[in-house]
Structure formats: structure tokens, C-alpha cells
Amino acid sequence: MLHSPSDDPVVKVENLGIAIAASTPTELVKDVSFEIRRGDYFALVGESGSGKSLTCHAMMKLLPFTPLIQGRIIIDGQDVWSLDKRQLLAYRRKSVGMVFQDPLAALNPVRTIGSQILETLRIYYPHADADELRNRAIDALRGVHIPEPGSRLGVYPHQLSGGLNQRVMIALALLGEPKLLIADEPTTALDMSVQAEVLDLIDELRRKNNLTVLLVTHDLGIVRDRATHIAVLQNGRMVEQGRAAEIVSAPKAAYSKELFEAASVEWPGRDTPERKRAPACLTFDNVNKTYFGSKRDRQMGVGIPAAKSLSFEVRRGEIVALIGESGSGKTTAAKMAMGLEKPDSGSIIIHQSKDINTPLKVQMVFQHPRDSLDPLMRVEDQLHEVLMVHGWRDKAKRQDHILKTIADVGLLRHVLTRRPTFLSGGEAQRVVIARALLLEPDMLIADEPLSAVDVRIQKHILECLQRLRDRLGIAILLITHDLRVVFEIADQVVVLRHGRVVEDVPVSKFTDGARDAYTQMLIDAVPGKSSRAASVLSSGFSLPGSPALIAG
């Protein structure tokens, strides 16, 4: 049974202010107030750096710096910032669960998934025996749709894909059956179909157990489909809040209107046959790759295939989107193209540049931005280091080039003075993209480059990539689970499933309704499709694709 208007709120944030304690305090969040009642699906939205994650971390008393706090945060009847250590521990165990934005940073890299889940279960079930705890751990992984959950207990986080690590985090957060679930970008690393499954799971638990959900996201398609209430933040201030249906259909604040307009995506209709006549930059020819858990597994031939007869091409000036579910082999293909992994058989060819004596310059944007940045170095120093390694001796020229590049990806100059710890997820993502673009590569391999970036910055970066492609003829292999990004920028789409190529078609044919059933399932899982379909139909146009897309 969902709440009635008379219910006391589960969450009450009153005039919240957060500043960094220093001789001159830096104000990050100012005068934010909202309430969340039992059973609500409350979405906190806004662009990267707007204060969404800071607000949620303050609700857990987990800020990564010494803060100056104003106002109050009351959750489950407790004033969070007045709790002592013992009370805070009990509060975190019983009242609230949190799914963090970066699963690799939140999971212990030197312990197996099973040991981390069992450690948490022993707190909730101190008298349970080992077999019962193991069964509960397997049920928890199965509940978030992790395949072969029993065998996953013995693996380490680095042995799982980004999507599987994210699902492990969600399972951990739900173990204590909390009253409030704070989900900070819970589906950032998930493909569309698994994203829908996880969100369906959270929604099912919300309805079944009267669970209250606070969702932090930059994906406004999810907000349209799932949220009951929305609050919009900009530069640490509350811009607008209210019922989701009202804000989505008629946002009052100009900033809210801009956000929802930026989230709209047109179905692809462009056709670029001239790209197929350009010389090839990258060729995969019948590539195979299998991962083995141990030497014994290798001897017995028991492993996890990541690539099976994998064949496709990326041509000069072409943007090829490599899509598929988590674990389909997308990131493995990228690592093999960069020489970070060696294929078992087949060939991967990086072709020559226009100057036949010069190899193509290839750069990569990795999936987890914080893991690929040095936490002890300022952003500016890391970017200077890249240029110095490649022979840029003139500091003034390096500085000018760095400023131009960070402007291309929508970053402001003050970001250069920060360390990665003090960047938002979206800012860290853009720093990594800027670093890859500094050397103006012939080919860019981008592994989920926009997963942590809000829709406004997404469009900015996509326009930047298109400008680089048009101006320099750069080829881009774009690995993504977000079909809206594919529709926006790709020329060719390669769909992978279990390491095999299911589709290799121009983007103009991707939604023609004649695709493989697996491809159509990915298309049908696009968040916000029902509202977009209704908008297109009301204007007198029809959508390509299956009736499911039109019916929503």
C-alpha cells in the first residue's frame, strides 16, 4: 500500500547547505529543501556538478571532506548529522541503503564478491550457518539478474564487467531491506535491457515492500518512465520540484525546460555510403578470445568466451557504435584493438595513416574515469604530462592547447587546479576524454565515454566528436549501451551478443523493424520511448521499428 498525503515523510531535508571548511569556505550546496514520503520514487536530477551526489552523501554522512553543514537532514525520524558513531552505524544498517555511482571504487578489489556479500549478511543474520548465508548470497545475486550466481561468488571485481559490478552493488544495498534506498546513478554502466531489468526490480521492491527510493540520475528517460516526484538542481540550488508528470509535461523553470529538451533524441534517418568507400583504420578478422579462471580451467578448456569469430571494420572518418549487453565482449574488443589483450586467434589490423611510413595514432577513453586518473596529481599536471611525453617542450603552447581542448569538452578552467577526488563523475569523464583528444589522434576508441555525463554535456561532447571527425577525418569506435547516443552520432552499428556479431548495419537501417530479435529487444528497452513516440505521433510522423515502440 502506497502512502497517503497524511503520512509522515521518510526523508525531510530542511535548508541544507554544504561548504568545504577552509579559511574561505567554498559553498557547494545552498538552501536545498525537499520531502520524500513512504513509497515515493523521488528523482534528483541536474547536470554534472549540480550537487546531486553531494546531497545524497550528506544523507549518509559520507562526505569525502570536512564540511560545514547548515540545515537538517531527518531520515526515518533521525537527525542524521546529530548521530554519534554507534547510532550512525545502526542507521546505515537498518534505515538506509546506498548504491554508489562507481562500483569499482566501492567494492574491495582484493576480496571476492562472495566474501564481501557474506560479510554483510553475517551482520544481518548472526546466527545463520555457512550454508544458509551462501544460499542467501546466491539469491541476492540472482535477484539482480546476475547469470550463474553461484560461480560468481568466487570471482574478484576486476573479473566482472562494469554492468555486473553495478548489479553486485545493488544486491549489497538491498541485503538489509532498508526503508530508504539511495541510488546514485545505479544504472550508469548497464546496457538498456539490463537497465530495464534492474529498474523493474527496484520498482517491484518499492511497490511490494513500500520501499522509498531516492534516484540520482542524469538519464531523463528513466525519470519520465519511473519517477513519481522530481527535484531539479542547478549549481547546488533547488530550481524546481513537484510531481513527475507535471514537471515532465510542463516544466516551469527555464533550466528544467532546457534539460528535457536536450534529452529528446530523433530516430536516425541519415545514410552515409561515402564512409564505406574510405580506407580502413581498424579491421577485426575472425578474432577469438576466451578467458580462463585458472590454469586448470585452461587445461580443461573450460572458460568464458569473450569473442567468437569477431569480424568488423572501422573506416577513416566513420563513427562505428559497438553495442550489446554487459559481458557481450565490447570492452574486450577495445582492449584487443589497443594491444592490452592478445587474441587467441584471428587478426586485428591497425592500418597505416596517409603517410605510409607513419602508423595511425590511436587513443582510448576507458570506461571508469577515476581509475584512469592519478588521484594525487592535479588535472592540469596530468594533461601537461601527456604533452611533454610526446615532445611538447613549450609550456605556453601546452597551456593554450590544454585550454582549447577542455573547452571543447565543456570544462571550465578552474577544473585544472583540482585533483580527481574533487571532480564530479561527469567532470572526471570529460577530463579523460580531453586527455585522449590532446594528441589529435587518427582514431579514438571510446569505451562508454558518456555513461556518467548528463544530457546537456552529452550533446556538447557528441558535437565535439563530430567536429573532430569532420575536421580531421578521425575514426571513432564508440562502445556504448545507450542507444540514444547511437542514434545521435553513429554511422554504422555493430551489435554483439556473447562475443558474436549479431548485426553490422548502417544506423539508417537500425530501426527499420527488420532486425534480429535480440537487436529489437535492445531497441524496445530504450527509456522514455513512450513519451518520445507520443510526441512524434502527435506531430503527424511515424516511428520506424516495431509496434512496441509506438505503443510504448
Side-chain angles (χ1 to χ4, degrees), residues 158-165 189-194 275 280-292 303-316 318-351 359-369 371-372 432-433 436 441-451 465 474-483 485-486 489-507 510 516 518-519 522:
H158 73 272
Q159 295 175 300
L160 297 178
S161 67
L164 291 179
N165 276 312
L190 302 184
D191 58 84
M192 291 294 182
S193 59
V194 178
R275 305 285 184 200
C281 288
L282 171 68
T283 300
F284 273 69
D285 184 12
N286 202 32
V287 173
N288 294 278
K289 176 69 177 178
T290 301
Y291 288 104
F292 299 96
I304 300 174
K308 300 177 182 178
S309 302
L310 191 60
S311 299
F312 65 90
E313 276 191 331
V314 182
R315 296 182 176 272
R316 184 168 291 128
E318 185 180 41
I319 300 176
V320 175
L322 198 60
I323 69 171
E325 291 182 303
S326 180
S328 62
K330 305 187 300 295
T331 298
T332 298
K335 289 181 177 179
M336 288 192 293
M338 290 294 295
L340 300 175
E341 293 281 359
K342 186 178 180 180
D344 299 332
S345 62
S347 61
I348 301 171
I349 303 171
I350 302 291
H351 295 272
L360 288 172
K361 291 187 293 183
V362 182
Q363 289 289 305
M364 184 166 179
V365 177
F366 292 94
Q367 183 173 1
H368 301 289
D371 290 345
S372 57
V432 173
I433 294 171
D442 300 296
M443 182 172 177
L444 184 68
I445 300 176
D447 188 2
E448 300 286 4
L450 303 172
S451 59
L465 294 177
I474 186 174
I476 299 173
L477 178 60
L478 177 66
I479 298 170
T480 183
H481 65 264
D482 192 338
L483 292 188
V485 173
V486 174
I489 194 174
D491 302 308
Q492 190 79 5
V493 186
V494 178
V495 183
L496 296 187
R497 187 183 191 191
H498 304 319
R500 294 186 184 275
V501 174
V502 176
E503 305 271 8
D504 188 354
V505 296
V507 72
F510 191 65
D516 182 87
Y518 174 73
T519 304
L522 294 178

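Note that the structure is a prediction, hence the values are computed from the model and not measured.
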I'd like to know if the side chain of [X] and the backbone of [Y] have a donor-acceptor N/O pair within less than 3.5 Å.
| X | Y | answer |
| --- | --- | --- |
| Asp285 | Gly346 | no |
| Glu503 | Asp516 | yes |
| Asp442 | Lys361 | yes |
| Ser311 | Asn286 | yes |

Does some side-chain heavy atom of [Y] sit less than 4.5 Å from a side-chain heavy atom of [X]?
| X | Y | answer |
| --- | --- | --- |
| Val493 | Thr519 | no |
| Leu310 | Val501 | yes |
| Glu313 | Val320 | no |
| Val362 | Pro441 | no |
| Phe312 | Leu477 | yes |
| Ile348 | Leu282 | yes |
| Val287 | Ser347 | no |

side-chain contact (heavy atoms from CB on, under 4.5 Å) test vs Lys308 passes for just one of Arg497, Lys289, Arg500, namely Arg500

Which value, rounded to the nearest 0.5 Å, describes the distance between Ile445 atom CD1 and Ile350 atom CD1?
-> 6.0 Å

Kindly compute the distance separating CE (Met338) from CD (Gln363), expressed to the nearest 0.5 Å.
-> 6.5 Å

Which atom names give the shortest non-hydrogen contact between Ser328 and Leu496, and what distance separates them?
-> CB-O, 3.6 Å

